[in-house]
Amino acid sequence: MRKTTYLLPVLVVAIVVVLSSIFVVDEREKALVLQFGQIKAVKEEPGLAFKIPLIQEVVRYDDRILSLDTQTIEVTPSDDRRLVVDAFARYRIADVVQFRQAVGTGGIRVAEDRLSGILNAQIREVLGADQVTSDRILSEDRRELMIRIRDSARAQARSLGLDVVDVRLKQTNLPQRNLEATFDRMKAEREREAADEIARGNEAAQRVRALADRTVVETLSVADRDANVIRGEADAERNRIFADAYGADPEFFAFYRSLQAYETSLKGNNSTMVMTPDSQFFEYFKNELSTNGSVTLPDPVARTVAPDAPTPETPEDPAPVSPAPTDPAPEPADPAVSPVAPEADTPPAGN
C-alpha cells in the first residue's frame, strides 16, 4: 500500500516531464529551441523533437509565403507628375536564426514594419530614377520596374532573415488635387486634336471647292468659245446667204428687207408712228405700177436698205419689154394708204 502511494505521484511526474519535453514541428512551421533566451537548436524538419523541460522553450515561426500590403505613398517620376502608388509584397522567413537575432521577441509584426520601410524606400528610388516617366510606369515597362524593386528589396531584406519572393504595384493613380488639372489638360489636348482635324478637313474642302470652281470656269470658257465660234460661222453663213440673195435680185432683196422692217416695227399694238411724208421708210407705199404692170423700186430705197450688197452687173442686152395690154389695167390703190386703212375708224392715241 505504501509503495503504491509513493509510486503513483512519481509516475505522474514522469509522465508530465516526458510530455513537456516532447514537441511537434508542423510542416508549415520552423521552430527554435531557446534556453534562457539563447538559441540552442533549430528544428526545420517536420516531426517530433525534444527539449529540456522547464529550462528550454520552443518558438515557432511560419514557414509559408506571407503577404504584406504597404502603405500608399507618393512618388515623383522624372517628368514631375506626382503619382500615388499602392504596392504589396510576398515574402517568407528564409533564416529563422538570423530572423530571431534581427527582430528579437518582436516577431512578424516588427519584421513587417521594417520590411515595409525597405519596400517604400526602394519604390521611391526606382520610380523616381532618371528616364522613368509616368508614361513608362503605366506602360508594359511596369513589369521591369517591379522586378528592379523586388531585387533591391530582397538584397536588403536578407539582413532580416527574409526572402522577398515578389513585389507588385496594385494601383498607380494621380493625387486627388492633380486629377482636375490632369483632366483639364487631357480635355485641352483632345480639343486641340479636334481643331487640327477640323482645320485639315476645311483645307481639303477648300481644295476640292477651288478645283470644282476652276473646272466650272474652264468648262464655261470652252463652251463660250465654242458658242462664239459657232455663232461666228452662223453669222458668216447668214451673210453669205444674204449676199447671194442680193446678187441674184437686188430689187427683190431690198423689197423683202423692207417688208421685214414693216413687220417688226408694226408688231403688236404699237402701230402708231409719226414720220414726215417724204420719209424713205414708207417709200414702197408710194410706188406705182409701171405701164407693163411691174412694181418700180426707187433707187434711194434700194441703196438705203442694202448698202453693203454688191451691185449686180447690168446686162448688155436687156430683156425686151412685153407690149402693153390692150385694156389698160385698173389703177391700183395707193399703197401708202392701204396699210393704215383698217385704223381709220380707230381713234388716235390721246395727245
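For the numbers below, each heavy atom of this structure counts, side chains included, while hydrogens, waters and symmetry mates do not.
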Peer 1: Would V85 and E74 count as a side-chain contact (heavy atoms from CB on, under 4.5 Å) here? Give the steps.
Peer 2: CA-CA 6 Å; V85 178; E74 286 190 8; over 6 Å; no
Peer 1: In terms of heavy-atom contacts, does CD1 of I241 have more than 12 from other residues, nucleotides or ligands at under 6.0 Å?
Peer 2: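 Result for CD1/I241: enclosed.
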Peer 1: Which heavy atom in S78 sits nearest to a heavy atom in T133, and how many Å separate them?
Peer 2: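 In terms of heavy atoms, the two residues are closest at OG-CG2, 3.4 Å.
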Peer 1: Let me see the working for Q156 and L115 under side-chain contact (heavy atoms from CB on, under 4.5 Å), right down to the final yes or no.
Peer 2: CA-CA 9 Å; Q156 295 188 17; L115 181 60; over 6 Å; no
Peer 1: Is it true that, when you exclude F88 itself, more than 12 heavy atoms of the residues, nucleotides or ligands shown sit nearer than 6.0 Å to its CZ?
Peer 2: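 Yes, the 6.0 Å shell around CZ holds more than 12 heavy atoms from other groups.
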Peer 1: Determine, for R143 against D141, whether the closest basic-nitrogen to carboxylate-oxygen distance falls under 4.0 angstrom.
Peer 2: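 Salt bridge flag = no for D141 with R143.
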Peer 1: What's the separation between atom CZ in F99 and atom CD1 in I93, rounded to the nearest 0.5 Å?
Peer 2: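 If we round to the nearest 0.5 Å, F99:CZ and I93:CD1 are 4.0 Å apart.
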Peer 1: Give a yes or no on this: more than 12 heavy atoms of other residues, nucleotides or ligands lie within 6.0 Å of atom CZ of F23.
Peer 2: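 Yes, the 6.0 Å shell around CZ holds more than 12 heavy atoms from other groups.
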Peer 1: Working note: E44 + V42, criterion side-chain contact (heavy atoms from CB on, under 4.5 Å); need CA distance, chi angles, decisive distance, verdict.
Peer 2: CA-CA 6 Å; E44 296 183 350; V42 179; 3.7 Å; yes
Peer 1: Do L145 and V164 share a hydrophobic cluster, counting only Ile, Leu, Val, Met, Phe, Trp and Tyr and linking them when any side-chain heavy atoms are less than 4.5 Å apart?
Peer 2: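 Looking at the clustering, V164 is in the same group as L145.
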Peer 1: Hey, does the side chain of S139 reach the backbone of R136 with a donor-acceptor pair shorter than 3.5 angstrom?
Peer 2: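 Side chain of S139 to backbone of R136: a pair is present.
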Peer 1: Any chance you could measure R150, atom CZ, to L119, atom CG, to the nearest 0.5 Å?
Peer 2: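 One gets 12.5 Å once the value is rounded to the nearest 0.5 Å.
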Peer 1: Indicate, with yes or no, if L162 and M146 share a hydrophobic cluster defined by side-chain heavy-atom contacts under 4.5 Å among Ile, Leu, Val, Met, Phe, Trp and Tyr.
Peer 2: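 Linked within one cluster.
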Peer 1: Would you mind writing out the side-chain donor-acceptor pairs for residues 214-227 within the sub-3.5 Å range, not counting sequence neighbours?
Peer 2:
| from | atom 1 | to | atom 2 | distance (Å) |
| --- | --- | --- | --- | --- |
| T215 | OG1 | L211 | O | 2.7 |
| T219 | OG1 | T215 | O | 2.7 |
| S221 | OG | V217 | O | 2.7 |

Peer 1: Kindly work out whether a path of hydrophobic side-chain contacts (I/L/V/M/F/W/Y, heavy atoms less than 4.5 Å apart) joins V59 to L160.
Peer 2: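 Yes: a chain of side-chain contacts under 4.5 Å links V59 to L160.
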Peer 1: Indicate if V33 and I22 have the same hydrophobic cluster label, given that clusters are the connected sets of ILVMFWY residues with side-chain heavy-atom separations under 4.5 angstrom.
Peer 2: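 They do not share one cluster, since no chain of ILVMFWY contacts under 4.5 Å joins V33 to I22.
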Peer 1: Pairs in or reaching into residues 10-36: which pass salt bridge (charged side-chain N to carboxylate O under 4.0 Å, His left out), with residues at least two apart or in two chains?
Peer 2: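 Residue pairs passing salt bridge (charged side-chain N to carboxylate O under 4.0 Å, His left out), neighbours aside: D26-R28, E29-R60, K30-D63.
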Peer 1: Taking Q56 for its side chain and I52 for its backbone only, find out whether a donor-acceptor pair lies under 3.5 Å.
Peer 2: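 At least one qualifying donor-acceptor pair exists.
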Peer 1: Quick one: closest heavy-atom pair of G104 and Y61, and the distance?
Peer 2: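 What the structure gives for the nearest pair is O-OH, 4.3 Å.
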Peer 1: Which distance, rounded to the nearest 0.5 Å, do you find between the CG of D235 and the CZ of F242?
Peer 2: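 Nearest 0.5 Å value for the CG-CZ distance: 10.0 Å.
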Peer 1: May I ask you to decide whether D95 forms a salt bridge with R158, counting only side-chain N to carboxylate O separations under 4.0 Å?
Peer 2: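 Salt bridge: no.
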Peer 1: Return the CZ to CD1 distance between R90 and I65, rounded to the nearest 0.5 Å.
Peer 2: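 Rounded to the nearest 0.5 Å, the CZ-CD1 separation comes to 9.0 Å.
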Peer 1: Say whether, by atom type as modelled, one donor and one acceptor occur between the side chain of R142 and the main chain of L169 under 3.5 angstrom.
Peer 2: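 It does hold such a pair.
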Peer 1: Are R207 and E203 within salt-bridge range, i.e. N to O under 4.0 Å?
Peer 2: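 Answer for the salt bridge query: yes.
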Peer 1: More than 12 heavy atoms of other residues, nucleotides or ligands under 6.0 Å from CZ of R82: yes or no?
Peer 2: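 Atom CZ in R82 is not crowded, with 12 or fewer foreign heavy atoms closer than 6.0 Å.
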Peer 1: Does atom CZ of R109 have more than 12 heavy-atom neighbours from other groups under 6.0 Å away?
Peer 2: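 Incorrect, the count does not exceed 12.
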Peer 1: Kindly work out whether a path of hydrophobic side-chain contacts (I/L/V/M/F/W/Y, heavy atoms less than 4.5 Å apart) joins I39 to V25.
Peer 2: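 No; V25 is not reachable from I39 via cluster members.
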Peer 1: Between R192 and E189, does at least one N-O distance fall below 4.0 Å, as a salt bridge requires?
Peer 2: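 Salt bridge flag = no for E189 with R192.
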Peer 1: Kindly compute the distance separating CD1 (I198) from CD (E193), expressed to the nearest 0.5 Å.
Peer 2: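 Going from CD1 on I198 over to CD on E193, the span is 12.0 Å.
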Peer 1: Can R154 and Y91 be counted as having a side-chain donor-acceptor contact under 3.5 angstrom?
Peer 2: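 Note: R154 and Y91 side chains miss the donor-acceptor criterion.
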Peer 1: Run through T172, D79, T76 and flag the one making a side-chain hydrogen bond (donor to acceptor under 3.5 Å, both in side chains) with S134.
Peer 2: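 So the option named by the test is D79.
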Peer 1: Donor-acceptor pair, distance only, cut-off 3.5 Å: does the side chain of S152 make one with the backbone of I149?
Peer 2: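 Here the side-chain-to-backbone pair does not exist.
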Peer 1: Where the side chain of T70 meets the backbone of A87, is there a donor-acceptor pair that is under 3.5 Å apart?
Peer 2: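 Pair found, side chain donor or acceptor close to backbone of A87.
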Peer 1: Check the surroundings of atom CD in E45: do more than 12 heavy atoms from other residues, nucleotides or ligands lie under 6.0 Å from it?
Peer 2: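 Open.
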Peer 1: Apply side-chain contact (heavy atoms from CB on, under 4.5 Å) to the pair L83 and I137, showing each step before the final yes or no.
Peer 2: CA-CA 10 Å; L83 296 176; I137 296 174; 3.8 Å; yes
Peer 1: What are the two closest non-hydrogen atoms of R81 and P77, and how far apart are they?
Peer 2: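 R81 and P77 have their closest heavy atoms at O-CD, 2.9 Å.
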Peer 1: Flag the pair R200 and E197 as a salt bridge only when some basic side-chain nitrogen lies within less than 4.0 angstrom of an acidic carboxylate oxygen.
Peer 2: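 Result for this pair is yes, salt bridge flagged.
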Peer 1: Measure the spacing between CZ of R100 and OG1 of T105 and express it to the nearest 0.5 Å.
Peer 2: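 R100 CZ to T105 OG1: 6.0 Å, rounded to 0.5 Å.
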Peer 1: Taking atom CD of Q260 as the centre, report whether more than 12 heavy atoms of other residues, nucleotides or ligands fall under 6.0 Å from it.
Peer 2: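 Yes - once you tally the heavy atoms of other residues, nucleotides and ligands closer than 6.0 Å, there are more than 12.
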Peer 1: Of all heavy-atom pairs between R114 and A102, which one has the smallest distance, and what is that distance?
Peer 2: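 Answer, listing the atom of R114 first, then A102: NH1-O, 3.0 Å.
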Peer 1: Could you check whether any side-chain heavy atom of R168 comes within less than 4.5 Å of a side-chain heavy atom of D166, counting everything from C-beta outward?
Peer 2: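 Contact flag for R168/D166 side chains = yes.
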Peer 1: Under the side-chain contact (heavy atoms from CB on, under 4.5 Å) test, which residues partner R124, sequence neighbours left out?
Peer 2: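 R124 satisfies side-chain contact (heavy atoms from CB on, under 4.5 Å) with I73, V75, N120 once adjacent residues are dropped.
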